[in-house]
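Just so it is clear, the structure is predicted and the values come from calculations on it, not from any experiment. Below, read A as the first sequence line, B as the second, and so on, with proteins coming before strands; counting in each chain starts at 1. The figures here come from the full heavy-atom set of this structure, side chains too, leaving out hydrogens, waters and symmetry mates.
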Protein chains: 2
Amino acid sequence: MVTMQQVADHARVSISTVSFVVNDTKPVTPETRERVLQAIDALGYRRNTMARALASRRSHVLALIYPLIEQRNHHAFVSAAATAAREHGYSLVLWPLHSDEVSTEIASLIQAGSADGVLLMEVQLEDERVTRLREAEAPFVLIGRTRELDGIDYVDIDFERSTEMAVNDLARLGHRDFSLVLEDLSETPLAGYAPPLRTEETFRAVIAERGFNGEVFRVPHRAPEISALTDRILREAPRTTAIISMHDEASLALVSTLPHRGIRVPQDMSIVTIAMSTAIAELMNPALTSYEAPGWELGRAAAEALIARLEGRDGPTVQTLLACSLREGQTVGAPRASRSATAPA
Amino acid sequence: MVTMQQVADHARVSISTVSFVVNDTKPVTPETRERVLQAIDALGYRRNTMARALASRRSHVLALIYPLIEQRNHHAFVSAAATAAREHGYSLVLWPLHSDEVSTEIASLIQAGSADGVLLMEVQLEDERVTRLREAEAPFVLIGRTRELDGIDYVDIDFERSTEMAVNDLARLGHRDFSLVLEDLSETPLAGYAPPLRTEETFRAVIAERGFNGEVFRVPHRAPEISALTDRILREAPRTTAIISMHDEASLALVSTLPHRGIRVPQDMSIVTIAMSTAIAELMNPALTSYEAPGWELGRAAAEALIARLEGRDGPTVQTLLACSLREGQTVGAPRASRSATAPA
DNA sequence: TTGTAGGCGTTATCAG
DNA sequence: CTGATAACGCCTACAA
């Protein structure tokens, strides 16, 4: 391993001069700088990450804490965060965390100096991890939102706006009778997960405001309930002409099952999904129209917000909301003029 | 921040003694140990990661290098690797790497002491990154296999065996006429990606050995080609009664398109997919029968192999192959006794 | 503009 | 079994 001292010797300067040019922290004459640079090049010097971290008290590591639930598509998000981090000279470590370790592990991560800051995903409305992070005075950025948001940095999907867009886009085509499909997380560790709650709330508000009809279906993550959904909607909300779904599995099931009930998509029923991975939506036949989650942008925004916080401790609170963007598919059309109840097969 | 020295003072021992109990590196009298432990507890001491790394010359970090291609489902794999790492006192950092940075970045990662070892995924048959890693004498484990494997640690899916299983399972039901669908990566950065190559080779061998008929279809990752696949198979390999697919998008397209051609799945055509994310397979209607990739096991095995290599530099080469496991769906059945060509719609 | 020297918090070697 | 003490490689006042 090549050390700074060796570079200094080779360039016939002192070790601090090397440090100055490496970190660009103090002015150095062009000639000296050049000599140093050449020495660095000649010797193949790399400044030691750990020594730097120790001396500067900054690890240049961001920890991404995520639960091991893993049903969703966090891929774009994680990649984007890692990429952005690296572009800024940071690295991203994955910190899988079971719910029962939260209290102990989360503070120690920072106290041990393993990371400078924390990215927290799958945030719940009331989230113990946030409490712990504040207690530990750890710099952090949420991906998602807690209920209480005073002075908290976060980036999140704008579910409110996305839901509104979905209803409005469909209304523009003439739809008046909606069904909303959500994941029922009530019996899972994600019980307090905000997106379905926010979406439902917004849905009800928009529906009420515009005088539409809207039914809400909460569907757990179990095969039987998912399979039964199609018939359930046809039975319990027979007037439905448009389904808005935030339940990936249910969306797919609907698209592939409705035709078997004699209901054509989109002629007899429109379907849109919110925040689904487009990769999957596009694979369906017909391709699902979806409001795509801005995963990549969120990941980047989160990492950059955290770095900004780390580098300028004072800055204003970052509270970024990004709406989903419409990805046209083939599951949306105008409602049939005169369709009423359609009997299940 | 609480330091070892403070703990030592509090426990009225020397700093080295604290180190001995913290690291369990030398025998200490139960009483002294107890005093130290209590001091640690009382002060809330955490040993500083960076100082330890510097002094011990071991960062306890594993770097997961992955390309930004991202079409696959690496989630289980990454989570498992991160989890296993943490269980062993390591952490996993994500190191996104564009192909043009390979030569410079890969060595510096180790030389800078940012990580002790490297996990490399999406390995190609000839992979420059492997060359670089060897040059840098960086400890590494592949997820995947290069052509040359002497003394190289790797874990990989046993595509050969998985393919064989698929053909044999189908043959047992009476199938004799197969089509194999693969991703055509020839124009992509993954051109030398081994799985499709190994699978094709095995497929041809098994087919030949057992005297079956088999056609191979290479399908790029573009919508038109994927949509056209169904008709292409019906046209070019009309006798096919069973399709084996290692192309996720194509698998989905086949399942949802064949019925529109008057071909029922599985009565008229069986379909199995290899190495697809089960999560998706199960969403289809009918649910895809699939040979599921052991993502979680691979991730864990890879991390543990690397750690073993780091801790006992000498150990034997780890070369682990894990076959996919059958996940029954509803897309496989016996072939129709007397089906011949079926005309495209 | 450049150099000197004292940490940063641990580990690890050697005495005792 | 316990304690000094010298690294580890770099950063950063402070001095020159």
Problem - Thr3(A) (side chain) donor-acceptor with Gln5(A) (main chain) under 3.5 angstrom - result: yes
Practice task
Return yes if a side-chain donor-acceptor contact under 3.5 Å exists between Asn23(A) and Arg52(A), otherwise no.
Solution key: no
Practice task
Select one nucleotide: of dT1(C), dC10(D), dT11(C), the one nearest the side-chain heavy atoms of Met4(A).
Solution key: dC10(D)
Exercise for the section: Output yes when at least one side-chain N/O atom of Ser56(B) is less than 4.0 Å from OP1 or OP2 of dC8(D), else no. Expected result: no
Problem - Which nucleotide in dC10(D), dG9(C), dG3(D) has an atom nearest any side-chain atom of Thr17(B) - result: dG3(D)
Handout entry: Carboxylate-amine/guanidinium contact Asp116(B) Arg309(B), below 4.0 Å
Key = no
Handout entry: Rounded interatomic separation in angstrom, taking CZ from Phe20(A) and P from dC14(D)
Key = 13 Å
Practice task
In whole angstrom, give the distance that lies between atom CG of Asp24(A) and atom P of dT1(C).
Solution key: 12 Å
Practice task
Test for a donor-acceptor pair under 3.5 Å between the base of dT4(C) and the side chain of Ser16(A), counting only N and O atoms.
Solution key: yes
Exercise for the section: Identify which one of Gln111(A), Arg129(A), Glu128(A) satisfies the side-chain contact (heavy atoms from CB on, under 4.5 Å) criterion when paired with Ile106(A). Expected result: Arg129(A)
Exercise for the section: Please check the phosphate of dG3(D) (OP1 and OP2 only) for any side-chain N or O of Ser14(B) closer than 4.0 Å. Expected result: yes
Handout entry: Whichever of Arg57(B) and Pro27(B) has its nearest DNA chain D nucleotide further upstream toward 5'
Key = Pro27(B)
Handout entry: Closest to the Leu54(A) side chain, choosing from dT11(C), dC8(C), dA4(D)
Key = dC8(C)
Exercise for the section: Rounded off to whole Å, could you give me the CD1-to-P distance for the Ile15(B) and dT10(C) pair? Expected result: 7 Å
Handout entry: From Val78(B), Leu306(B), Val155(B), residue fulfilling side-chain contact (heavy atoms from CB on, under 4.5 Å) relative to Leu119(B)
Key = Leu306(B)
Exercise for the section: Look at all strands and tell whether Val22(B) reaches a base, only sugar-phosphate, or nothing, counting heavy atoms closer than 4.0 Å. Expected result: nothing
Problem - Euclidean distance, atom CG of residue Asn48(A) to atom P of dC8(C) [Å, nearest integer] - result: 19 Å
Practice task
Look at the side chain of Arg35(A) and the backbone N and O of Ala11(A), then say whether any donor-acceptor pair between them is shorter than 3.5 Å.
Solution key: yes
Exercise for the section: For Val18(A), report the nucleic acid contact type (base, sugar-phosphate, nothing); a contact means any heavy atom under 4.0 Å. Expected result: nothing
Exercise for the section: To the nearest Å, give me how far apart NZ (Lys26(A)) and C1' (dA13(D)) are. Expected result: 7 Å
Problem - Residue-phosphate contact under 4.0 Å: Thr29(A) side-chain N/O, dT2(C) OP1/OP2 - result: yes
Practice task
Specify the residues of residues 36-47 of chain B, ordered by number, for which at least one heavy atom lies under 4.0 angstrom from an atom of DNA chain D.
Solution key: none
Problem - Presence of salt bridge, Arg132(A) and Glu135(A), under 4.0 angstrom - result: yes
Exercise for the section: From the options dT12(D), dT11(C), dC14(C), select the nucleotide whose nearest atom is closest to the side chain of Ser19(B). Expected result: dT11(C)
Completion exercise
Here the distance between atom C1' of dC8(C) and atom CE of Met50(A), to the nearest Å, is 15 Å
Problem - Lys/Arg-Asp/Glu bridge criterion (N-O < 4.0 Å) met for Arg86(B), Glu105(A) - result: yes
Exercise for the section: Could you check Met1(A) against Thr32(B) and say which one's nearest nucleotide on DNA chain D is further toward the 5' end? Expected result: Thr32(B)
Completion exercise
Arg58(B) CZ to dT10(C) P, in whole Å, measures 18 Å
Completion exercise
Asn23(B) CG to dT13(C) P, in whole Å, measures 13 Å
